[in-house]
Amino acid sequence: MGASNCRHFLRFLLKTVLVFCCTCGLSVGSELSFVTCGSVIKLLNVKHNVRLHSHDVRYGSGSGQQSVTGVSAVEDSNSYWSIRGTSDASCARGTAVKCGQAIRLTHVNTGRNLHSHYFASPLSSNQEVSAFGEEGEGDHLDEWTVQCGGSVWKREESVRFRHKSTDALLSVTGEQYGRPIHGQMEVHAMSTPSQHSLWKVMEGIFLKPSESPAGSRDYGHIHTEF
């Protein structure tokens with residue numbers, strides 16, 4: 001199987017598991033107290049109660065790239081994002097994400113990365129946030145630093161995501177779109193921290209490391225306690 005076909009198969013398999021979890025209202029690996037690399041999560045903006053979301057709808061202005069929004073729906077599979085390392089620093093599956101660590105967030109259903117740049121956002125004219133790349137590969141503008149209070153990203157805490165290249169924070173301030181994404185909120189980036197830039201992990205599949213028989217770490221294992 002070629003690399004491209006393998007990626008498509010893995011994405012199909014992951015989507016199947018996510019549909020099952022959505023239908024049954026389950027979170028896999030829910031006993032973990034911290035967020036781990038390789039996990040697939042939904043992120044809630046604490047102030048506005050919307051989940052980070054994307055879809056194959058492009059902005060009609062600015063970069064014209066795939067739009068990123070906030071939605072109130074809990075069950076929508078277009079709100080799942082995979083936590084990955086950067087091009088310069090790997091992120092071994094199942095290891096805790098450290099505070100201050102740079103990561104990429106890849107939209108599961110489209111394979112594009114959470115991205116920002118100096119285009120103006122459509123509604124508020126803040127810094128545009130989009131989804132960019134193909135099959136999880138984009139550029140350095142896909143990198144975000146996790147800002148949290150301790151040594152690792154705890155699941156119960158609210159955190160911020162600072163765009164590594166522009167130093168702006170992933171934010172929602174409540175502006176709503178009309179058609180074709182009526183009622184969805186604009187997601188953008190802002191230079192100053194506020195309640196609008198706080199996010200919390202919600203539903204997801206959380207990977208954890210497991211011990212192999214030889215005592216070495218196996219980061220390819222998905223913990224599946226239902």
Would you say Lys42's side chain and Asp76's backbone share a donor-acceptor pair under 3.5 angstrom? yes
On a heavy-atom basis, which atom in Glu157 and which in Cys148 lie closest, and how many Å separate them? OE2-CB, 3.5 Å
pair Arg112-Ser130: side-chain heavy atoms closer than 4.5 Å: no
Return the OG to CZ distance between Ser33 and Arg155, rounded to the nearest 0.5 Å. 8.5 Å
Do Val129 and Phe132 sit in the same hydrophobic cluster, where Ile, Leu, Val, Met, Phe, Trp and Tyr count as joined when their side-chain heavy atoms come under 4.5 Å apart? no
Note, Asn78 side chain near Ser54 side chain (heavy atom, < 4.5 Å): no
Side chains of Glu175 and Ser124, donor plus acceptor under 3.5 Å: no
Quick check: do Gln65 and Phe119 have side-chain heavy atoms less than 4.5 Å from each other? no
Check whether Ile83 and Leu198 end up in the same hydrophobic cluster, where Ile, Leu, Val, Met, Phe, Trp and Tyr are linked by side-chain heavy atoms less than 4.5 Å apart. no
Are the side chains of Phe161 and Leu114 in contact, using a 4.5 Å heavy-atom criterion? no
Taking every non-hydrogen atom, the tightest pair across Phe34 and Thr36: CE1-CG2, 3.4 Å
So, the side chain of Trp81 versus the backbone of Leu52: is there a donor-acceptor pair under 3.5 Å, distance only? yes
Verdict with supporting geometry, Cys91 and Gln101, side chain to side chain contact (heavy atoms under 4.5 Å, CB included): CA-CA 10 Å; Cys91 187; Gln101 182 174 341; 3.6 Å; yes
Are Leu141 and Leu105 in one and the same hydrophobic cluster, where Ile, Leu, Val, Met, Phe, Trp and Tyr link if side-chain heavy atoms are under 4.5 Å apart? no
So which of Ser67, Ser72, Ser79 actually passes side-chain hydrogen bond (donor to acceptor under 3.5 Å, both in side chains) with His53? Ser79
Counting N and O atoms only, with roles assigned by atom type, does the side chain of Thr86 sit under 3.5 Å from a partner on the main chain of Ala89, one being a donor and the other an acceptor? yes
Any heavy-atom pair between the side chains of Gln127 and Thr166 that's under 4.5 Å? yes
A side-chain contact here means heavy atoms from C-beta on lying under 4.5 Å apart; do His55 and Thr69 qualify? yes
I'd like to know if Met190 and Val68 are part of one continuous hydrophobic network [Ile/Leu/Val/Met/Phe/Trp/Tyr, side-chain heavy atoms within less than 4.5 Å]. no
Note: Glu128 and Gly62 closest approach over all heavy atoms is OE1-CA, 3.7 Å
Do Asn45 and Met185 come within less than 4.5 Å of each other through their side chains, counting heavy atoms only? no
Starting at CG of Asp142, measure out to NE2 of His163 and round the result to the nearest 0.5 Å. 7.0 Å
Would Thr145 and Gln147 count as having a side-chain donor-acceptor pair, cut-off 3.5 Å? no
Non-hydrogen atoms of Ser191 and Arg162 that approach each other most closely: O-NH1, 4.1 Å
Distance check, rounded to the nearest 0.5 Å: Leu43 atom CG versus Met202 atom CE? 10.0 Å
Shortest non-hydrogen contact from Ser171 toward Ser197: OG-CB, 3.4 Å
My understanding is that only one of His188, His48, Lys47 makes a side-chain hydrogen bond (donor to acceptor under 3.5 Å, both in side chains) with His196; could you say which? His48
Kindly check if the number of other-residue, nucleotide or ligand heavy atoms within 6.0 Å of CD (Gln176) is above 12? yes
Evaluate the criterion side chain to side chain contact (heavy atoms under 4.5 Å, CB included) for residue pair Ser165 and His140; output intermediate values, then yes/no. CA-CA 8 Å; Ser165 292; His140 68 287; 3.3 Å; yes
Check: Glu203 main-chain N/O paired with Tyr80 side-chain donor or acceptor under 3.5 Å: no
Measuring only between side-chain heavy atoms, which start at C-beta, is Leu170 closer than 4.5 Å to Val187? yes
With a 4.0 Å cut-off on N to O distance, would you call Glu137 and Arg104 a salt bridge? yes
Applying the 4.5 Å side-chain criterion to the ILVMFWY set and letting contacts propagate, would Phe206 and Val152 be lumped into a single cluster? yes
Start with the C-alpha distance between Arg51 and Val74, add both sets of side-chain angles, then the distance that settles side chain to side chain contact (heavy atoms under 4.5 Å, CB included), and finish with yes or no. CA-CA 8 Å; Arg51 284 162 172 77; Val74 176; 3.8 Å; yes
Is the side chain of Asn113 donor-acceptor paired with the backbone N or O of Gly136 at a distance under 3.5 Å, no angle test? yes
Answer yes or no: is there a donor N or O on one side and an acceptor on the other, between the side chain of Ser39 and the main chain of Leu207, under 3.5 Å? yes
On a heavy-atom basis, the closest approach of Asn126 and Ala189 is CB-O, 3.7 Å
Decide yes or no on side chain to side chain contact (heavy atoms under 4.5 Å, CB included) for Trp199 and Val172, but give the supporting numbers first. CA-CA 10 Å; Trp199 300 84; Val172 176; 3.7 Å; yes
